[in-house]
Amino acid sequence: MDPISDFMTRHHKDCDAAFARAEERAAAADWPGLEREAAAFLAEMERHIGMEEDLLFPAFEERTGMQGGPTATMRMEHEQMRGLFAQLRAALEARDAARYLGASETLLILLQQHNIKEESMMYPMLDQALGEEAGQLLGQLQSAAA
Amino acid sequence: MIQPALRLDQAPPVSVPFRFFLGAPPFLVLAAALLAWRGPEALAWRLAPAALALTHLFTLGFMSMVMLGALLQLLPVLAGAPLARPRAVATLVHAALVLGTLALAGGFAFGAAPLFKAAAALLATAFAVFLGAAGASLWRSRVRSQTVRALKLALVALAAAAALGVALASRWGWGIALPSAFAGLHPAWALLGWAGLLALGVAYQVVPMFQLTPAYPRALARAGAATVFGLLILWSGASWLGGVQWLADLCALALACAYVAFGAVTIVLQRRRRRRQADVTLACWRLGMASLIAANALWALRIAAPAALPERADVLIGLLALVGFAGSIITGMLYKIAPFLAWFHLQAAGGARAPNTSEILGVAAQRLQFRTHVAALALLVAAWAWPATLVYPAALALAASGVLLEANLLRVLRAFARARGELQAEAARAP
């Protein structure tokens, strides 16, 4: 049983789907559609990052006493993502589809290599470090995701 | 008891992968030059000296060059284990691989024993150092993904292919007698083992990742690499012992079927992708998988019905497997990895306003090079059928695709250097 791995990995897939819907609208230069889908994608991403930075990582850091370890790297990559989120929003405001697609292509690679690290290393470490506590955190995650 | 943390922050310096990437396309140009120089002879028989020189310029100079460089970059990401002394390893492996490949191709082209001796020593060094460094990282890793499993098997296959290759080069250099099975086992471990298993392991991760496709079927991901590896062992045993040709043929057929299945599943997954954007990397993968299926179908036919195809069909199979399959996949991967690495290292330099990957390398430049690559593959296949007339246009197209690929990689490097210069100047101006 790896409750956190399973839940968070599934949520990655939801984020991926939202990413693809927004990118498709950008490629079609469908502005109302893109505004809707990009907002949904960015909200999903912020929610995901929030679950990690506000719930999971602090619990891991407290349990293991590691502040500057893997969670610090993950937080740094989240910051890089936020930089690209800002570029997406700026492209949306400027109605520049090429700029949106450029930033979103970069974001996809950053996102996916980040997800590999989380799914194969960070989440298993979380499940292992948190033990019994993982089930209780999962309840909080589910209500945060709802 | 909590395990010590996996390290997630160990990207090697940008010069580590880039020296391999930039070093690879010139070998395409060299291969093209050799093809133009030796003409139809180079496509006549797979064991002709000119064909062997051509093959190794491509497999060592282009394929392994990029594969080793990309692994030095990706192993820490995929396995979460840092690479010890990445700069020193990269410098030594790169230099030994470049010189060793040149020596080996020269050895074949000029029939010169001293060049074979140099090649054996240099290539043994390159692969031993790489395997030591990458193996230490991979076997220390606690990650238990299908990709890590496939990569371990790919490295074992590389060790086997390299050892067999060095032994064969030593035969040419020092006249050492070797079991005759070695000549057949070396390409099997190099292509079906090292290149094929690496492609499998990488595909499990990057096919779903770049195009947002469904994951590979669990059974295939779990058993694929191990099955291929097991079949290679069995085939090697049967070929070495002799007298059980039926078993060797059966293993070879099963290997061909396994790679056809891998290609077919990949194409189906890509058709079911959630990401509708069709980029050059996707086109590269499709061409690569179609070539993989074609090469393995022809090879299966060669084994099952030897009379159906001439022995020269081996050259066609080689062209499809090397240029069509490996060449295409490697090109597609370079177009994802190189711009992203440039962007990633600019981020580390503090560049929130750094150019994004599409600004670093535009899609038009990628597409032009990809079309040239397609033309080169088509002309090479046609030159196999009509060597006297088409071998020269094929060589020209191959050279052009190499030149354009190098130009694109240099474009990435220039964009990186310019943006980094601007960031540094900005930082210097800041109070």
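Letters go in sequence order (proteins before strands), and every chain restarts at 1. Remember, it's a predicted structure, so these values are computed and weren't measured experimentally. These numbers come from the heavy atoms of this one structure, side chains and all, not from hydrogens, waters or symmetry mates.
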*Take atom CZ of B:R85 as the centre, draw a 6.0 Å sphere, and report whether it contains more than 12 heavy atoms from other residues, nucleotides or ligands.*
no
*asked:* Measuring only between side-chain heavy atoms, which start at C-beta, is A:L110 closer than 4.5 Å to B:W343?
replied: yes
*Side chain / backbone / both / neither for A:I109 at chain B, heavy atoms under 4.5 Å*: both
_Heavy-atom count check: over 12 atoms from other residues, nucleotides or ligands less than 6.0 Å from B:R87 CZ?_
no
_Side-chain touch A:T106/B:I360, heavy atoms, less than 4.5 angstrom_ = no
*Proximal component of B:F340, with respect to chain A [non-hydrogen, under 4.5 Å]*: side chain
_Heavy-atom pair of closest approach, residues B:L212 and A:D16_ = CD1-O, 3.6 Å
*If you take all heavy atoms of A:G102 and B:S358, which pair is closest and at what distance?*
CA-OG, 3.3 Å
_Most chain B-contacting option - heavy-atom pairs closer than 4.5 Å, from A:E24, A:M76, A:E79_ = A:E24
*Checking heavy atoms, do the side chain of A:Q113, its backbone, both or neither come under 4.5 Å from chain B?*
both
*asked:* Could you measure the distance from the CZ atom of A:R99 to the CG atom of B:N356? Nearest 0.5 Å is fine.
replied: 9.5 Å
_Does A:E62 have more than 12 heavy atoms from other residues, nucleotides or ligands lying within 6.0 Å of its CD?_
no
_Per-residue contact mode, A:L84 against chain B (heavy atom under 4.5 angstrom)_ = side chain
_Minimum heavy-atom distance B:R274-A:A17, with the two atoms named_ = NH1-CB, 3.4 Å
_I need the residue from A:I116, A:L107, A:L101 with the largest number of non-hydrogen atom pairs under 4.5 Å to chain B._
A:I116
*Neighbour count above 12 (heavy atom, 6.0 Å) for A:E93 CD*: no
*Does a sphere of radius 6.0 Å around CZ in A:R95 hold more than 12 heavy atoms from other residues, nucleotides or ligands, not counting ones at 6.0 Å or beyond?*
yes
*A:E105 vs B:R275, salt bridge (charged side-chain N to carboxylate O under 4.0 Å, His left out): CA-CA, chis, key distance, verdict*: CA-CA 11 Å; A:E105 161 80 26; B:R275 188 180 195 216; 3.1 Å; yes
